[in-house]
Amino acid sequence: MNKGDCKIMKKTLSLFVFLITLALALPVRAAEDETLPHQHWQHKGILGVYDKAAVQRGFQVYKEVCSACHAMKFMSYRNLEKIGYTPDEVKAVAAQYTVTDGPNDEGEMFERPALPSDHFKSPFKNDKAARAANNGALPPDMSLLVKARDGGEDYIFSILTGFETPPADVQLMAGMNYNKYFPGHQIAMAKPLSDGQVSYADGTPNSLEQEARDVTQFLAWVSEPHMEQRKQMGIKVILFLLVFAGVMFNTNRKVWSKLH
Ligand code: HEC
């Protein structure tokens, strides 16, 4: 290989490394709604990990407030061990719920306390019952809500903090509430959180913003519990590719150097 070729290869390689670095560094903002206020979330970005304390507080908010209306059918109680609860704590949480099991040897369904292996108990028997209790609107299942909405975490946080008295020219439909960030601004959910709604055991101030921030982080974790492993794997793959590219580059140079 002559010197010119070698230079071109070097240039191509550094361009390749530069492009990978650029792709990793640029935040993905493609589908986000620009009108939503942007919040800082520690779990976003290539090295971001969940704030476990916040996720645990968020579970408390979900359990004490949101779970009255919103189901989370893909979660099992034992999944809570992943955010730092001990198996005994998980057992105690599950035992607070009663689920229907069966049929038993007599062919009858029966009730029993939930076990860690059970899925989160849904607040309503079915969608029709959920609508009937909520002015005709269906509270969406929260298992994948953060992933399913444009704006993700920023959208959830904005909805929770975006309830306002409607502007004078807006006529609210019966049973609806005004929310600055909900598409169309009329939402069937009444403002679920306010200052002092939950009491945190770790002494964190329970302002509306704090509760909204915590429950949003819990919902983000629920939507993607394996995010941390995924990112670690990504970083390992990139490192491997970089080392591999270096080795290949050197090998290539050595092999061709003999043919000058
Ligand atoms: C009393 C019942 C009730 C409670 C409690 C409740 N919600 Fe809702 N929520 C609803 C209903 C009903 C809707 C659907 C509203 C609509 O479509 O107009 C909804 C919609 C939402 C939406 C918008 C979803 C979308 O489709 O874009 C978010 C976000 C949300 N709820 C979050 C929460 C959070 C977080 C909590 C707990 C802090 C909570 N909700 C507590 C009934 C409730």
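In each ligand, atom 1 is the first atom listed, and ligand 1 is the first ligand listed. Keep in mind that the numbers below use all heavy atoms, side chains included, and drop hydrogens, waters and symmetry copies. Only a predicted model underlies this, so the values are computations on that prediction, with no experimental measurement involved.
- With a heavy-atom cut-off of 4.0 Å, Y155 touches ligand 1 through its side chain alone.
- Residue contacts with ligand 1, taken as heavy atom pairs separated by less than 4.0 Å, involve L160 solely via side-chain atoms from C-beta onward.
- In this structure a side-chain-to-backbone donor-acceptor pair under 3.5 Å is present from Q186 to Q171.
- Judged by distance alone, the side chains of W41 and D51 never bring a donor and an acceptor atom under 3.5 Å apart.
- In the model, E224 has no side-chain atom that pairs as donor or acceptor with a side-chain atom of H43 under 3.5 Å.
- Counting heavy atoms under 4.0 Å from ligand 1, residue R149 touches it through the side chain alone.
- Looking at F157, F182, Y62 and measuring to atom 17 (O) of ligand 1, the nearest heavy atom belongs to F182.
- Any protein N/O/S atom under 2.8 Å from atom 8 (Fe) of ligand 1 was counted, giving 2 altogether.
- Shown here for N134 and A188, the closest heavy-atom pair between the two residues is O-CB, 4.2 Å.
- Protein heavy atom at the shortest distance from atom 18 (O) of ligand 1 is A188 N, 2.8 Å.
- Close approach to I187 involves these atoms of ligand 1, each under 4.0 Å from a residue heavy atom: 15 (C), 18 (O).
- A tilted orientation is assigned to the rings of F59 and F120, their planes being inclined by 30° to 60°.
- At a heavy-atom cutoff of 4.0 Å, ligand 1 is contacted by the side chain of L193 but not by its backbone.
- Taking 4.5 Å as the limit, some side-chain heavy atom of Y85 sits within range of a side-chain heavy atom of Q56.
- N79 contributes a side-chain N or O that, together with a main-chain N or O of S76, makes up a donor-acceptor pair within less than 3.5 Å.
- Here Y178 and F163 keep their ring centres 6.0 angstrom or further from each other.
- In the model, D141 has a side-chain atom that pairs as donor or acceptor with a side-chain atom of S143 under 3.5 Å.
- Checking Y200 against D214 by side-chain atom types alone, a donor-acceptor pair falls below 3.5 Å.
- Among all non-hydrogen protein atoms, the one lying nearest atom 33 (C) of ligand 1 is M142 CE, 3.3 Å.
- Taking the ring axis of F218 as reference, the NZ or CZ atom of R57 does not stay both within 45° of it and closer than 6.0 Å to the ring centre.
- The heavy atom nearest to atom 14 (C) of ligand 1, considering only N179, L145, L138, T216, is found in L138.
- In this structure, atom 29 (C) of ligand 1 lies nearest to the protein heavy atom I156 CD1, 3.9 Å.
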